[in-house]
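Below is one structure, written out as structure tokens, with a few remarks after it.
Values below: every heavy atom of this structure, side chains too, minus hydrogens, waters and symmetry copies.
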Amino acid sequence: MKFDLKFDNGNTIEIGSIFCIGSNYSKHIKEMGGTKPESPVIFLKPRAAYLENGGVIKIPDFSNLCHHELELVVVIGKYCANIDKSQAHKYIAGYAVGIDITLRDVQNSAKQKGQPWAVAKGFVTSAPISKVIPSEKFDGNVPDFELRLFVNGELKQFGNTKDMERSVPELIEYLSKVFTLNPGDCIFTGTPEGVGQIKKGDKLLAELVGFTKIELTVE
């Protein structure tokens with residue numbers, strides 16, 4: 001089965017690995033009771049977690065506390081290994097808005113037991129991603145984006161990527177040295193403060209303000 005991301009110009013790219021960054025906004029770190037990590041916190045989601053615009057987030061019946069985490073998603077356009085952050089912009093195919101859907105009760109239980117977060121973070125429909133804005137629109141720059149998320153029409157989460165603890169180029173440099181990156185790989189770059197619960201019947205709207213958005217329902 002293929003999992004293709006769509007660009008707003010009609011192009012597509014098959015999704016590769018989905019890398020996610022934890023604890024990358026200071027206010028979110030504070031609201032979660034943590035401290036800034038010495039190195040990036042990395043976890044992964046399977047491709048089957050991908051959900052496109054108009055899709056349905058399906059909360060598993062073994063969780064009673066599901067949270068939204070609004071994020072900028074960076075899509076890699078070509079093979080990228082051991083690069084310097086000053087060159088990172090050359091490897092970006094585009095930008096999207098995504099939501100890291102998290103089973104918070106399952107994650108908290110795993111943390112207490114010293115276990116991985118794979119179930120809490122990687123279940124089916126846990127990685128909604130909007131259409132992708134091609135990087136060419138930004139003339140080789142890595143722009144700052146304003147992010148917003150509405151639940152049932154009410155603004156619940158917002159932020160700006162300029163407030164990241166580690167920038168997009170820094171994250172690409174790090175990931176390229178640890179894992180290497182390939183075309184179609186996606187990087188969820190961390191969430192600003194304001195994460196909160198979503199429930200069955202909710203309607204979500206997330207956006208990179210002025211560029212792209214994604215609308216979803218919850219079951």
Side-chain angles (χ1 to χ4, degrees), residues 3 15-51 55-76 96-129 147 149 151 156-157 159 161 164-166 168 170-172 174-181 184-200 202 204 206 214 216 218-219:
F3 298 89
I15 295 175
S17 298
I18 301 175
F19 298 95
C20 303
I21 311 299
S23 302
N24 202 30
Y25 287 80
S26 60
K27 291 182 180 179
H28 173 62
I29 294 171
K30 184 177 180 180
E31 77 177 347
M32 299 303 291
T35 57
K36 180 182 175 179
E38 293 183 5
S39 59
V41 175
I42 312 295
F43 58 93
L44 291 92
K45 292 176 182 269
R47 293 194 301 170
Y50 168 62
L51 184 66
V56 177
I57 298 165
K58 296 187 177 181
I59 301 175
D61 58 11
F62 53 81
S63 175
N64 294 306
L65 186 60
C66 185
H67 276 189
H68 58 74
E69 297 191 9
L70 172 69
E71 311 205 10
L72 169 70
V73 178
V74 177
V75 181
I76 298 299
V97 64
I99 310 173
D100 170 16
I101 305 297
T102 302
L103 306 178
R104 191 69 70 201
D105 50 352
V106 177
Q107 183 191 34
N108 288 341
S109 177
K111 285 181 176 180
Q112 291 169 5
K113 297 174 183 176
Q115 296 175 348
W117 303 352
V119 173
K121 292 283 194 176
F123 64 96
V124 173
T125 72
S126 66
I129 304 174
L147 302 160
L149 183 139
V151 178
K156 290 291 188 178
Q157 198 175 4
T161 58
M164 286 180 180
E165 294 291 320
R166 293 179 174 89
V168 167
E170 289 173 317
L171 295 174
I172 291 174
Y174 182 83
L175 292 169
S176 78
K177 291 179 177 178
V178 176
F179 300 99
T180 71
L181 295 167
D185 285 354
C186 298
I187 306 170
F188 278 68
T189 56
T191 190
E193 73 276 14
V195 302
Q197 187 174 9
I198 55 173
K199 299 178 180 179
K200 294 181 179 181
D202 284 346
L204 278 59
I214 186 169
L216 308 151
V218 183
E219 287 185 358

Less than 4.5 Å apart, any side-chain heavy atom of Met164 and any of Leu72?
yes
Approximate separation, where rounding is to 0.5 Å, of Leu181 CG and Ile172 CD1:
7.0 Å
Could you tell me whether the side chain of Glu69 and the main chain of Ile99 form a donor-acceptor pair under 3.5 Å?
no
Asn24 and Pro40, any side-chain heavy atoms less than 4.5 Å apart
no
So with a 6.0 Å cut-off around NZ of Lys199, is the heavy-atom count from everything else above 12?
no
Which residues satisfy the ring pair (Phe, Tyr, Trp, His ring centres under 6.0 Å) test with Tyr174, sequence neighbours excluded?
none
Quick one: closest heavy-atom pair of Ala49 and Phe123, and the distance?
CB-O, 3.7 Å
Steps toward side chain to side chain contact (heavy atoms under 4.5 Å, CB included) verdict (Val97, Leu147)
CA-CA 8 Å; Val97 64; Leu147 302 160; 4.3 Å; yes
Check whether any side-chain heavy atom of Val218 sits under 4.5 Å from a side-chain heavy atom of Val56, and report yes or no.
no
Going by heavy atoms in the side chains, are Leu103 and Phe62 under 4.5 Å from each other?
yes
For Ser63, what residues pass the side-chain hydrogen bond (donor to acceptor under 3.5 Å, both in side chains) criterion, not counting sequence neighbours?
Asp105
Could you go step by step and tell me if Thr125 and Glu219 meet the side chain to side chain contact (heavy atoms under 4.5 Å, CB included) rule?
CA-CA 11 Å; Thr125 72; Glu219 287 185 358; over 6 Å; no
Are Tyr25 and Thr161 packed together at the side-chain level, in the sense that at least one heavy-atom pair is separated by less than 4.5 angstrom?
yes
For Asp100, enumerate each residue passing the salt bridge (Lys or Arg N to Asp or Glu O under 4.0 Å) test, keeping only those at least two apart in sequence or located in another chain.
Lys45, Lys121
Return the set of residues passing side-chain hydrogen bond (donor to acceptor under 3.5 Å, both in side chains) with Glu165 (not counting sequence neighbours), or none when no residue passes.
Lys36
Side-chain donor or acceptor of Asp185 paired with backbone N/O of Ser17 under 3.5 Å:
yes
Let me confirm one number: the SG-CD1 distance from Cys66 to Ile198, rounded to the nearest 0.5 Å.
4.0 Å
Using 0.5 Å steps for rounding, measure from the CD1 atom of Ile59 to the OG atom of Ser126.
12.0 Å
For a side chain to side chain donor-acceptor pair (under 3.5 Å) check, start with the C-alpha distance between Gln157 and Thr191, then their side-chain angles and the critical distance, and finish with the verdict.
CA-CA 9 Å; Gln157 198 175 4; Thr191 190; 2.6 Å; yes
Counting only heavy atoms not in Lys111, do more than 12 fall under 6.0 Å of its NZ?
yes
Does any non-hydrogen side-chain atom of Ile214 lie less than 4.5 Å from one of Ile129?
no
Can you tell me how far apart OH (Tyr50) and CZ (Phe3) are? Round to the nearest 0.5 Å.
10.0 Å
Nearest heavy-atom contact between Pro128 and Ile101 is CD-CG1, 3.8 Å
Starting at CD1 of Ile42, measure out to CZ of Phe188 and round the result to the nearest 0.5 Å.
13.5 Å
How many angstroms lie between CD in Glu193 and CG in Leu70, if you round to the nearest 0.5 Å?
10.5 Å
Could you work out, with ring pair (Phe, Tyr, Trp, His ring centres under 6.0 Å) as the rule, every residue matching Phe19, not counting sequence neighbours?
Phe179
Is any side-chain heavy atom of His68 closer than 4.5 Å to a side-chain heavy atom of Asp202?
no
Can you name the residues that form a salt bridge (Lys or Arg N to Asp or Glu O under 4.0 Å) with Lys58, not counting sequence neighbours?
none
Compare all side-chain heavy atoms of Arg166 with those of Pro37 and state whether any distance is below 4.5 angstrom.
yes
